[in-house]
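Single-structure report; data block below.
Side-chain atoms are counted along with the backbone in the values below, which use heavy atoms only and exclude waters and symmetry mates.
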Amino acid sequence: MIAVDPAAVLFATALATAVVGLVVAGYAYRGYRRNDSLAMFYLAVGIALIAAGPVVVSYGVAPLLSLSDAASLLGVLWVTIAGLVAILYSLEGT
């Protein structure tokens with residue numbers, strides 16, 4: 001039987017989420033550039049923050065700054081909230 005490292009599977013899944021999310025955000029950004037639509041810009045920012053932000057915080061910022069688990073989770077939640085606010089603004093504010 002092949003031993004699977006759960007941490008490696010978690011990292012691969014997080015990385016795949018970030019990559020796919022950034023591709024979707026890239027399409028939204030292209031829509032912003034093509035149509036000069038500020039709503040599409042905020043949508044792209046929101047998707048990027050929701051998809052890639054938690055990965056950056058969890059695997060980049062937290063180890064770099066030696067953050068506790070609680071501080072790391074708080075950072076992930078802040079990035080997620082910022083992404084949701086950007087998406088909400090793209091739908092309601094522009």
Side-chain angles (χ1 to χ4, degrees):
M1 181 177 279
I2 298 174
V4 177
D5 181 19
V9 173
L10 181 62
F11 178 74
T13 304
L15 187 61
T17 301
V19 168
V20 172
L22 288 175
V23 169
V24 173
Y27 280 115
Y29 183 75
R30 283 179 41 198
Y32 155 69
R33 295 286 305 243
R34 180 176 44 247
N35 300 314
D36 197 29
S37 169
L38 196 56
M40 290 298 288
F41 174 76
Y42 284 107
L43 180 64
V45 169
I47 292 170
L49 285 173
I50 287 174
V55 177
V56 170
V57 170
S58 295
Y59 293 100
V61 175
L64 185 66
L65 299 178
S66 300
L67 297 179
S68 68
D69 289 344
S72 178
L73 180 59
L74 185 60
V76 166
L77 292 174
W78 282 348
V79 168
T80 302
I81 289 170
L84 289 172
V85 167
I87 292 172
L88 180 63
Y89 186 74
S90 79
L91 298 174
E92 294 290 332
T94 56

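- Under the side chain to side chain contact (heavy atoms under 4.5 Å, CB included) criterion, A52 pairs with A18, L22, not counting sequence neighbours.
- In the hydrophobic clustering, where aliphatic and aromatic side chains (Ile, Leu, Val, Met, Phe, Trp, Tyr) are joined below 4.5 Å either directly or transitively, Y27 groups with V23.
- Looking only at distances, a side-chain donor or acceptor of S90 sits under 3.5 Å from a matching main-chain atom of I87.
- In this structure, V4 belongs to a hydrophobic cluster whose other members, linked by side-chain heavy atoms under 4.5 Å apart, are V9.
- Clustering ILVMFWY residues whenever any of their side-chain heavy atoms sit less than 4.5 angstrom apart, transitively, puts L91 in the very cluster that holds L43.
- Residue V79 is not grouped with residue L73 when hydrophobic side chains (ILVMFWY) are merged at heavy-atom distances under 4.5 angstrom, including chains of intermediate members.
- Residues that satisfy the side chain to side chain contact (heavy atoms under 4.5 Å, CB included) test with V24, not counting sequence neighbours, are I47.
- To the nearest 0.5 Å, the span separating CE on M40 from CZ on R30 amounts to 10.5 Å.
- Within the structure, no pair that satisfies the ring pair (Phe, Tyr, Trp, His ring centres under 6.0 Å) test touches residues 60-87, not counting sequence neighbours.
- Closest heavy-atom contact between V57 and P63: O-CD, 4.3 Å.
- A single hydrophobic cluster is not seen to contain both V45 and V19; linkage of ILVMFWY side chains at heavy-atom distances under 4.5 Å, directly or through other members, places them apart.
- Residues forming a ring-ring contact (aromatic ring centres under 6.0 Å, His included) with Y59 (at least two apart in sequence, or on another chain): F11.
- Taking all atoms of both residues into account, the shortest heavy-atom contact from A62 to S72 is CB-OG, 3.6 Å.
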Determine whether V56 and V61 satisfy the following criterion, side-chain contact (heavy atoms from CB on, under 4.5 Å), listing intermediate values before the conclusion. CA-CA 6 Å; V56 170; V61 175; 4.3 Å; yes
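- Residues that satisfy the ring-ring contact (aromatic ring centres under 6.0 Å, His included) test with Y29, not counting sequence neighbours, are Y32.
- Residues forming a side chain to side chain contact (heavy atoms under 4.5 Å, CB included) with L84 (at least two apart in sequence, or on another chain): I50, T80.
- Between P54 and V76, the shortest heavy-atom contact is CB-CG1, 3.8 Å.
- Other cluster members for V85: I81, joined by side-chain heavy-atom distances under 4.5 Å among Ile, Leu, Val, Met, Phe, Trp and Tyr.
- Residues satisfying the side chain to side chain contact (heavy atoms under 4.5 Å, CB included) test with D5, not counting sequence neighbours, are A7, A8.
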